[in-house]
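A short worksheet on the structure shown next.
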Amino acid sequence: MLTQLLPAQVVAVEATTAPVDAMLFPEEERQIRNAVDKRRDEYTTVRWCARRAMAEMGLPAAPVLPGLRGAPQWAPSVVGSMTHCAGYRAAALAHSSDISAIGIDAEPNEPLPEGVLEAIGLPQEVRWVRHYLRAIPGVAWDRLLFSMKESVYKTWFPLTGREMDFEDALITVDPALGTFHARLLLGPAERMEGDPRSFTGRWSAENGVLVSAIAVAAEVPAQRNAPHQVLVGSVGQIS
Ligand SMILES: CC(C)(COP(=O)(O)OP(=O)(O)OC[C@H]1O[C@@H](n2cnc3c(N)ncnc32)[C@H](O)[C@@H]1OP(=O)(O)O)[C@@H](O)C(=O)NCCC(=O)NCCS
């Protein structure tokens with residue numbers, strides 16, 4: 001599912017059950033020693049996914065520890081993102097020479113609790129969510145909006161080291177193409193030179209799980225001042 005949402009330069013690994021050969025490094029064990037079983041399971045399985053991706057990229061297995069604000073810390077030449085929800089865990093990694101940031105998020109394909117849509121959505125977003133809930137059943141469009149905002153945050157934070165709020169990104173979606181666009185609404189006072197102004201991503205709704213994913217192409221030196229280019233994935237490509 002995730003592979004189809006990301007460009008070929010990204011290695012994506014998913015798990016829907018707990019792998020028997022999943023292990024943790026001692027420093028990861030220390031992080032999780034007081035966690036309940038559910039947290040231990042998702043923490044361990046998503047790191048199994050990350051290490052499968054490292055192996056596919058020719059990298060040695062390494063611990064994945066939380067850094068600033070919980071963002072996963074990768075080797076200097078690696079970017080990545082991880083997500084877990086009921087019945088689904090995934091990691092997506094790439095070489096930083098190809099991709100400058102990745103954000104992935106999975107959510108159950110179920111409506112948000114009462115009142116949450118209005119809390120996380122801008123008025124324009126609430127309008128398209130309500131429209132698609134009526135027009136295209138089978139997708140929890142409110143939860144999908146939430147997932148897209150989480151993917152935006154997971155892309156933005158490692159790139160900039162700065163927080164953003166739900167109202168700082170205006171999401172539009174293309175149901176037919178399976179894409180979405182996030183316009184970042186930070187004002188001039190909150191923006192820094194070189195900050196991305198928008199992200200484009202892809203999404204899917206399969207097997208009861210909503211997944212959204214963003215990958216930002218690395219800038220090549222000659223294009224330092226060009227806008228952030230976004231790579232769009234194509235079916236079945238994992239390198
Ligand atoms: C951090 C956050 C994005 C995690 O998303 P989630 O849907 O709750 O949980 P997921 O299972 O999908 O993702 C969890 C993983 O996200 C990653 N993560 C945590 N903090 C992160 C950060 N600051 N930046 C990037 N990735 C982060 C971690 O790898 C974590 O897994 P781990 O704890 O096992 O290492 C979310 O809890 C949060 O704080 N959101 C508020 C900010 C926000 O979304 N703003 C919207 C801006 S438009």
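Every number for a ligand or one of its atoms is a count from 1 in the order of the listing.
Closest protein heavy atom to atom 24 (N) of ligand 1: A71 CB, 3.5 Å. Regarding atom 23 (N) of ligand 1, its nearest protein heavy-atom neighbour is R69 O, 3.2 Å. Closest to atom 3 (C) of ligand 1, if we only count protein heavy atoms, is Y153 CD2, 3.5 Å. Summary of contacts: the protein heavy atom closest to atom 26 (N) of ligand 1 is P72 CD, 3.5 Å. The protein non-hydrogen atom at the shortest distance from atom 14 (C) of ligand 1 is H84 CE1, 3.7 Å. From the protein, the heavy atom lying nearest to atom 44 (O) of ligand 1 is E150 OE1, 2.2 Å.
Remark: among candidates E42, M82, K154, Q31, the nearest residue to atom 10 (P) of ligand 1 is K154, based on non-hydrogen atoms.
L210 has its side chain out of reach of F146: every pair of non-hydrogen atoms, C-beta onward, lies at least 4.5 Å apart. For the pair W74 and I102, the minimum side-chain heavy-atom distance is 4.5 Å or more.
Annotation for ligand 1: atoms under 4.0 Å from non-hydrogen atoms of G70 are 18 (N), 19 (C), 20 (N), 21 (C), 27 (C), 28 (C). Each of the atoms 45 (N), 47 (C) of ligand 1 lies under 4.0 Å from some heavy atom of M164. Taking every heavy atom of D165 and a limit of under 4.0 angstrom, the matching atoms of ligand 1 come to 47 (C), 48 (S). Taking a cut-off of under 4.0 Å to the non-hydrogen atoms of D105, the atoms of ligand 1 that pass are 7 (O), 12 (O). Every atom of ligand 1 with a heavy atom of K149 under 4.0 Å away is listed here by number and element: 46 (C), 47 (C), 48 (S). The ligand atoms of ligand 1 that sit less than 4.0 angstrom from a heavy atom of E107 are 7 (O).
Salt bridge present: E29 and R40 bring a charged side-chain N and a carboxylate O closer than 4.0 Å. Note on E118 versus R130: salt bridge recorded, some NZ/NE/NH1/NH2 to OD/OE distance being below 4.0 Å.
With values rounded to the nearest 0.5 angstrom, I120 atom CD1 is found 8.0 Å from E150 atom CD.
Closest non-hydrogen pair, A53 versus V13, comes out as N-CG2, 3.8 Å. Between V10 and A92, the closest heavy-atom pair is CG1-CB, 3.8 Å.
L65 and V79 fall into different hydrophobic clusters, where Ile, Leu, Val, Met, Phe, Trp and Tyr side chains are chained together by heavy-atom contacts under 4.5 Å.
Residue R39 has at least one nitrogen or oxygen atom sitting less than 3.5 Å from a nitrogen or oxygen atom of ligand 1, judged on distance alone. Residue T83 has at least one N or O atom closer than 3.5 Å to an N or O atom of ligand 1.
Side-chain contact annotation: D105 with S212, donor-acceptor N/O pair under 3.5 Å absent.
Using 4.0 Å as the threshold, P66 has no heavy atom nearer than that to any atom of ligand 1. Within the 4.0 Å heavy-atom shell around ligand 1 one finds R47. Using a 4.0 Å cutoff on heavy atoms, D168 does not count as a contact of ligand 1.
The number of heavy-atom neighbours closer than 6.0 Å to CZ of R162, taken from other residues, nucleotides and ligands shown, is above 12. Around the CD atom of E27, the shell of radius 6.0 Å holds more than 12 heavy atoms that belong to other residues, nucleotides or ligands.
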